[in-house]
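Working notes, structure below.
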There are 2 protein chains.
Amino acid sequence: MIKPLSKSLKNPQSAREKTYRLLKKQLLTGQLRPNKRLTEEALAKKFGVSRTPVRDALHKLELEGLVKTAGARGFCVPEESFEDMSELFEIRAVLEGHAMACVCKIITQENIQSLKKLVQSAEQAFLSGKSDPIFDYNTQFHDLLYGLLASQKPRLFSIIEDMREYVLRYRKSTLTHPKGIRRSISGHKKILMALDLREPQLCERIMRKHVYEAKEDTLLYKG
Amino acid sequence: MIKPLSKSLKNPQSAREKTYRLLKKQLLTGQLRPNKRLTEEALAKKFGVSRTPVRDALHKLELEGLVKTAGARGFCVPEESFEDMSELFEIRAVLEGHAMACVCKIITQENIQSLKKLVQSAEQAFLSGKSDPIFDYNTQFHDLLYGLLASQKPRLFSIIEDMREYVLRYRKSTLTHPKGIRRSISGHKKILMALDLREPQLCERIMRKHVYEAKEDTLLYKG
DNA sequence: TATTTTTTTTTTGGATACAATATTTTGCTG
DNA sequence: CAGCAAAATATTGTATCCAAAAAAAAAATA
């Protein structure tokens, strides 16, 4: 007999979560362009739910800065701004720099080996002209790195996760350009060296620089 | 003729905002103790509104970590944890350190003078045995300092503001103990010196240390 | 009595109806 | 035709209703 779908409270299948995830995805991937007007009613219809979960999702996204209220005209997608993008990367640089210093103190030799493999895979993909999987290797690298913090520094971890998501909004076509890819890979190699040396302060500096480079590349190859 | 109160959309007098502010205040000041169970219905009755604005407030507070869901038993106030407090201060140290470096680059001589006056006032109050206004001078000092970032780095500014609020939860009785006050005042003096020297990196280090000291004092004189 | 099953209660999730307000449109007046 | 006033419309805020799920309580059974 088929067990009835348990509609748990924090269930990712709840209308609220579903709406939130869908809407967020459309915002981050640019399917909803800046200045696009969003009304609860229209979104509710679009997603096949009532206004309630849409409202919840919109308010949550407003806190994240992914939509903004437009008074009695509903919500709208904020325009992209260099200042905002720049600030996001700057905060990321500071937080991820610190995170790296923390990681440095707890990372095992096995972890470092796994990271090395990822970088090698990325490099091979690059050399053989496949730029598609690079983005994935990149993501895996960072996930593995910061995943080490998930239990010990849950707040830092989740702030970093969130910020990495937000900048996606500004990062649609980076890491497809050879120069950006090269910089990214060599950045990851430096990170590994710093980790090998077990010097927290060096780790922090290297990671800050790495994020700043990512910012520059995002700026450069934008559009 | 008296103009009817315009009940604007983001009005701070809306039921949602009112409920959110009240609830948050009670959480931060400890009127609602850890493990206290919160149900929408009960809070709605208590605040004289319907469940809807209460729900909104609870969800917002959940994102901030000030309440947590307890499944189908509503919400509850999370227990205080040294780890969490410690992490909050650590993140603050990193972010405020960076903020100081930014401030250092744009602060005017007049701003520095205003800050000096605040420190002097605090010191005088301390020497004459009045410890009550110290907390206010302290707050003013930080408000003035970071206020300089409000327009240029709005995200950094608001994250720092939020985090300063959160730690209040753990900081009910600090800055009434002589040792903590002395450390705080001497910390502010060092900050002023670093600003006078216009050395961003020094500013960053000094501020980090200042926040770490605040953490230690909070830990020490807790309860 | 202990354990399992069933029923009842509590509580949130979601939908909808209504109220308040901001915006837009329309119409009037000079 | 421009400018202002008023009506109409669109949209969110709030209250309430119903359903679903979980927790708690009660009942049945070994």
Can you check ring pair (Phe, Tyr, Trp, His ring centres under 6.0 Å) on A:His210 and A:His142, steps first, answer last? CA-CA 12 Å; A:His210 180 60; A:His142 286 261; 5.7 Å; yes

The side chain of B:Arg37 lies closest to which of these nucleotides: C:dG14, D:dA15, C:dT11?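 When the side chain of B:Arg37 is considered, C:dT11 is the closest of C:dG14, D:dA15, C:dT11.
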
Side chain of A:Phe75 only, heavy atoms from C-beta on: which candidate in D:dT12, C:dG14, C:dA15 is closest?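 My answer, after comparing the listed nucleotides, is D:dT12.
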
Measure from [atom1] on [X] to [atom2] on [N] and round the result to the nearest Å.
{"X": "A:Lys45", "N": "D:dT11", "atom1": "NZ", "atom2": "P", "answer": "12 Å"}
{"X": "B:Tyr20", "N": "D:dT14", "atom1": "OH", "atom2": "P", "answer": "15 Å"}
{"X": "A:Glu40", "N": "C:dG14", "atom1": "CD", "atom2": "C1'", "answer": "14 Å"}
{"X": "A:His59", "N": "D:dT12", "atom1": "NE2", "atom2": "P", "answer": "9 Å"}
{"X": "A:Gln13", "N": "D:dA20", "atom1": "CD", "atom2": "P", "answer": "16 Å"}
{"X": "B:Glu17", "N": "D:dG13", "atom1": "CD", "atom2": "C1'", "answer": "12 Å"}
{"X": "B:Arg55", "N": "D:dG13", "atom1": "CZ", "atom2": "P", "answer": "14 Å"}
{"X": "A:Lys60", "N": "C:dG13", "atom1": "NZ", "atom2": "P", "answer": "12 Å"}

For A:Asn35, look at atom CG and say whether over 12 heavy atoms of other residues, nucleotides or ligands are found less than 6.0 Å away.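 More than 12 within 6.0 Å, yes.
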
Can you see whether [X] engages [Y] through a side-chain donor-acceptor pair at a distance of less than 3.5 angstrom?
{"X": "B:His59", "Y": "A:Arg16", "answer": "yes"}
{"X": "B:Glu161", "Y": "B:Tyr146", "answer": "no"}
{"X": "A:Gln31", "Y": "A:Lys36", "answer": "no"}

Looking at A:Ser50, does any N or O in its side chain come under 4.0 Å of the phosphate oxygens OP1/OP2 on C:dA15?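 Yes, because at least one side-chain N or O of A:Ser50 sits under 4.0 Å from OP1 or OP2 of C:dA15.
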
Quick one: is C:dT24 close enough that its OP1 or OP2 comes under 4.0 Å of any side-chain N or O from A:Arg73?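 Yes, because at least one side-chain N or O of A:Arg73 sits under 4.0 Å from OP1 or OP2 of C:dT24.
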
5'-most by nearest nucleotide on DNA chain D - B:Arg51 or B:Asp56: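 That would be B:Asp56.
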
Sugar-phosphate, base or nothing in reach of A:Thr39, heavy atoms under 4.0 Å: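 A:Thr39: backbone/sugar contact only, no base atoms under 4.0 Å.
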
What contact category does B:Leu38 fall into here, base, sugar-phosphate, or nothing, at under 4.0 angstrom with non-hydrogen atoms?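 Sugar-phosphate only.
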
